[in-house]
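No experiment lies behind these values; they were computed from the predicted model shown. For the numbers below, each heavy atom of this structure counts, side chains included, while hydrogens, waters and symmetry mates do not.
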Amino acid sequence: MIPKKKQKEESIIKSILAEEVERSKQMESLYKKELKALPKGSIQMKKIRGKEYPYLCYRVGRKVKTEYVKKEQFDEVWKKLEKRKQLESSLKRLKEDRQIALRVIGK
């Protein structure tokens, strides 16, 4: 038989973890919304007539698309791609943490 104090502590921990699961669902929704606004892919340099030009390369289905990135847009596109990587990494950790919390709760 589990003492009442121990049961109360377990229920408090489970309720905190349940709140964390809900918070992580909300965060996941926000991350996904932010990701939709950011470009996908990576910057590739192409050499044309001896000069290098930056192109944004990404997939659409099975095809690889490339778009020229103007000099004045390069820094902005680069920052957005870096932000996308960070958000994707955070989203992955968020999902892993939620799975752990769900296992502890018993769901």
I'd like to check the side-chain contact (heavy atoms from CB on, under 4.5 Å) partners of Glu28; sequence neighbours left out, ordered by chain and number. Lys32, Leu91, Leu94, Lys95, Arg98
What is the distance from atom NZ of Lys40 to atom NZ of Lys65, rounded to the nearest 0.5 Å? 13.5 Å
Once rounded to the nearest 0.5 Å, what's the spacing between atom CG of Leu17 and atom CD1 of Ile105? 5.0 Å
Mind checking side-chain hydrogen bond (donor to acceptor under 3.5 Å, both in side chains) for Ser15 and listing every partner two or more places apart, or none if nothing turns up? none
Does the side chain of Glu20 come within less than 4.5 Å of Arg23's, by heavy atoms? yes
ring-ring contact (aromatic ring centres under 6.0 Å, His included) partners of Tyr55, counting only residues at least two apart: Tyr68
State, to 0.1 Å, how close Pro54 and Ile43 come at their nearest heavy-atom pair, and which atoms those are. CB-CG2, 4.1 Å
How many angstroms lie between CG in Leu56 and CH2 in Trp78, if you round to the nearest 0.5 Å? 11.0 Å
OG of Ser90 to CG of Leu30, rounded to nearest 0.5 Å, is 12.5 Å
Hey, does the side chain of Ser89 reach the backbone of Gln86 with a donor-acceptor pair shorter than 3.5 angstrom? no
Side-chain heavy atoms under 4.5 angstrom apart, residues restricted to Ile, Leu, Val, Met, Phe, Trp, Tyr: same cluster for Val77 and Tyr53? no
From Lys79 NZ over to Leu38 CG, what is the distance, rounded to the nearest 0.5 angstrom? 13.5 Å
Is there a side-chain contact between Thr66 and Gln44, using heavy atoms and a 4.5 Å cut-off? no
Do Val60 and Leu81 share a hydrophobic cluster (ILVMFWY, side-chain heavy atoms under 4.5 Å, transitive)? yes
Does this structure show an ion pair linking Glu88 with Lys85, if we count only N-O contacts that are shorter than 4.0 Å? no
Less than 4.5 Å apart, side chain to side chain, heavy atoms only: is that true for Leu102 and Gln99? yes
